[in-house]
Amino acid sequence: MHGYRHIAGRVLLIALTFWALAMVVPDFYRLYQPLGSFGFYANNDGIITDTQGPFLEPNASPAFRAGLRVGDRLDLAEMRCIPIDTLRCASAMAALGGFSLSG
């Protein structure tokens with residue numbers, strides 16, 4: 001009986017180790033290739049600071065191809081991101097990294 005607990009404990013440890021590796025290892029891929037990107041960076045005020053993003057060339061960036069340029073501003077009201085605690089606001093929150101509520 002004691003031998004079965006020992007074996008079951010080892011099997012559980014191995015299963016949890018493989019599960020943990022399956023959760024962590026794909027993130028290392030992001031060091032070399034982004035998993036997904038809008039192709040731009042914006043500050044907390046919604047001003048576009050970079051339209052190339054993680055891409056090697058500007059023409060590879062979806063934001064650059066869509067016409068976004070450095071200095072443009074995201075219109076949160078037009079994006080229906082007011083009030084800010086809605087589900088529609090989730091992609092803007094991801095792009096901005098949060099909001100600055102200062103005037």
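Because the structure is a prediction, the values reported are computed rather than measured.
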Could you go through Asp72 and Ile47, starting from their C-alpha distance and side-chain angles, then the distance that decides it, and tell me whether this counts as side chain to side chain contact (heavy atoms under 4.5 Å, CB included)?
CA-CA 6 Å; Asp72 290 350; Ile47 298 174; over 6 Å; no
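- To the nearest 0.5 Å, the span separating CG on Asp50 from CZ on Phe55 amounts to 11.0 Å.
- Counting only distance, with no hydrogens or angles, the side chain of Ser61 and the backbone of Thr51 share a donor-acceptor pair below 3.5 Å.
- The closest donor-acceptor contact from the side chain of Glu57 to the backbone of Ala60 lies at 3.5 Å or more, if one exists at all.
- Separating the CG atom in Leu74 from the CZ atom in Phe40 is a distance of 5.0 Å, to the nearest 0.5 Å.
- Interatomic distance, Gln52 CD to Asn59 CG, rounded to the nearest 0.5 Å: 9.5 Å.
- The number of heavy atoms from other shown groups lying within 6.0 Å of CG (Leu21) is above 12.
- Heavy atoms only, all atoms of each residue included: Gly53 and Tyr41 are closest at CA-CE1, 3.4 Å.
- Here the closest heavy-atom approach between residue Pro62 and residue Gly39 is recorded as CD-CA, 4.1 Å.
- Looking at Arg69, its side chain does come within 3.5 Å of a backbone N or O of Phe64 through a donor-acceptor pair.
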